[in-house]
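In this text, all values refer to a predicted model and were calculated from it rather than measured experimentally. Labels below follow one simple rule: chain letters A, B, ... track the order of the sequence lines, proteins then strands, and each chain is numbered from 1.
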2 protein chains.
Amino acid sequence: MSGRRQRTAAVAESGGTIAPSKSQRAYRLLHDRIVDGTYSPGFRLVLDAIGRELDMSVVPVREAIRRLEAEGLVTFERNIGARVAEIDELEYHDTMETLSYVEGAAISLAAGLYSASDVAAARAINDEMRQSLADFDPVRFTALNEAFHRQLTDVCPNGVLGDVIDTCWKRLARLRQSTFSFVPSRAVPSVDEHDGILALIEEGADPRRIELAVRAHRLATPDAYLHRAQPKP
Amino acid sequence: MSGRRQRTAAVAESGGTIAPSKSQRAYRLLHDRIVDGTYSPGFRLVLDAIGRELDMSVVPVREAIRRLEAEGLVTFERNIGARVAEIDELEYHDTMETLSYVEGAAISLAAGLYSASDVAAARAINDEMRQSLADFDPVRFTALNEAFHRQLTDVCPNGVLGDVIDTCWKRLARLRQSTFSFVPSRAVPSVDEHDGILALIEEGADPRRIELAVRAHRLATPDAYLHRAQPKP
DNA sequence: CATGTCGGCATCGTATACGATTCCGAATCT
DNA sequence: AGATTCGGAATCGTATACGATGCCGACATG
């Protein structure tokens with residue numbers, strides 16, 4: 001998931017050997033659980049309970065949750081508590097739209113920088129996507145789709161833009177678990193569009209043309225697929 | 001500073017009458033001081049001292065700092081402490097570049113939505129910019145420049161994109177204090193470009209054309225002006 | 001004089017404690 | 001029965017306390 005580009009200082013991991021603080025452990029764990037869907041939107045994050053599970057007091061847990069809140073993954077209301085942020089149709093749409101622009105930007109900025117192996121790697125992922133379609137494995141397809149896009153955007157040297165893209169993916173991840181995020185009617189054209197984008201990159205097309213292709217690809221995904229309906233715990 | 005667009009849920013202010021938590025007070029204060037330059041990059045944020053000043057213990061202060069860290073305004077190293085994040089030439093460039101893309105996106109998305117009074121307000125700001133140039137008031141000029149851009153981007157209904165733009169501005173604010181952020185040779189062309197953008201909006205030009213105009217306007221600002229050299233306290 | 005070691009101080013990191021607030025169900029009233 | 005009030009449990013918000021860590025200057029040593 002971590003690409004070639006530089007990360008913004010504030011987000012950079014603190015150096016290697018030092019033991020991470022408890023607050024960082026809590027952040028990582030909660031973050032991962034939210035992103036991988038273990039905690040779905042609306043899930044109540046009770047500080048005490050999390051603290052007990054992670055064998056720490058509430059203080060570091062609160063800090064972790066503050067950070068998640070700032071990233072938009074969690075909502076935290078005074079005297080009420082924290083929940084995994086819901087993602088509604090509007091936010092979903094806005095995130096997709098934003099992603100369409102920033103991905104277009106990132107990939108066009110990276111246009112001259114792709115090595116043959118970058119393109120090969122992306123193509124390999126796309127081939128796997130075709131296979132996952134044949135196997136009718138929507139979960140795998142969705143994961144590979146993110147991998148494909150990240151493979152391309154990670155080459156962009158602009159770390160700030162990369163962070164924005166990360167944030168978008170994190171938000172979308174909250175509903176990626178849902179099989180609704182896989183739209184069968186879009187799957188085949190989508191994979192073909194990937195090939196088209198790779199072809200543009202390989203032939204050294206005008207970055208602006210690549211940008212528009214990427215944007216159109218993203219925006220082609222219908223908005224309609226936000227249906228999740230699970231009662232919140 | 002708050003525009004017409006919706007804010008993302010997580011960032012929304014908690015309702016009106018409820019007293020803000022101490023942690024929120026601390027966040028607001030530190031945030032404002034960083035953005036308005038009271039605390040310049042590299043300034044050491046000592047938890048104890050801040051707590052005493054705000055008449056609270058370190059716990060809420062730490063939470064506030066975590067949030068600022070997530071926004072990239074502060075760096076926080078284990079057992080070392082927190083500082084206002086430095087902004088180096090690379091991050092500055094990347095932020096400007098990102099802003100050029102997302103502002104272009106926001107304004108083109110808002111293209112059909114500008115009312116006559118929106119345009120008039122922006123034009124009024126731009127006229128003030130001309131005046132501030134005549135007065136040679138770089139601080140005012142710089143502030144008005146941000147106001148002009150926000151006046152246009154705030155009309156964009158995409159809240160996620162709006163949050164991204166906010167984040168970019170906050171990062172840039174850390175060096176806006178420096179007179180270096182005012183490049184005399186760019187000032188006149190910049191104001192003229194503003195008029196050009198407004199004209200495109202008024203004549204209902206193709207959003208993509210507006211997008212490219214905005215992007216070019218932003219990118220025309222030279223990178224060179226990052227020279228700050230103050231010893232950190 | 002340059003360098004290395006030690007000790008104390010400043011500061012961080014987190015546990016614990018406790019008041020404040022909200023939620024929820026039971027008892028009461030109409 | 002339905003609405004209302006009340007009380008306790010759950011949970012949050014923050015202060016305080018204290019060990020852990022890093023910084024820096026004093027001192028010793030070559």
Thinking salt bridges, do [X] and [Y] make one under a 4.0 Å N-O criterion?
| X | Y | result |
| --- | --- | --- |
| B:R140 | B:E128 | yes |
| A:E71 | A:K170 | yes |
| B:K22 | B:D55 | no |

Would you please test B:E211 and A:Y101 for side chain to side chain contact (heavy atoms under 4.5 Å, CB included) and show each step?
CA-CA 11 Å; B:E211 179 182 5; A:Y101 281 92; 3.8 Å; yes

Which letter, B, S or -, goes with each nucleotide of nucleotides 5-19 of chain C from 5' to 3', with contact meaning a protein heavy atom under 4.0 Å?
------SSBBBB---

With sequence neighbours excluded, tell me which residues meet side-chain hydrogen bond (donor to acceptor under 3.5 Å, both in side chains) with B:D94.
none

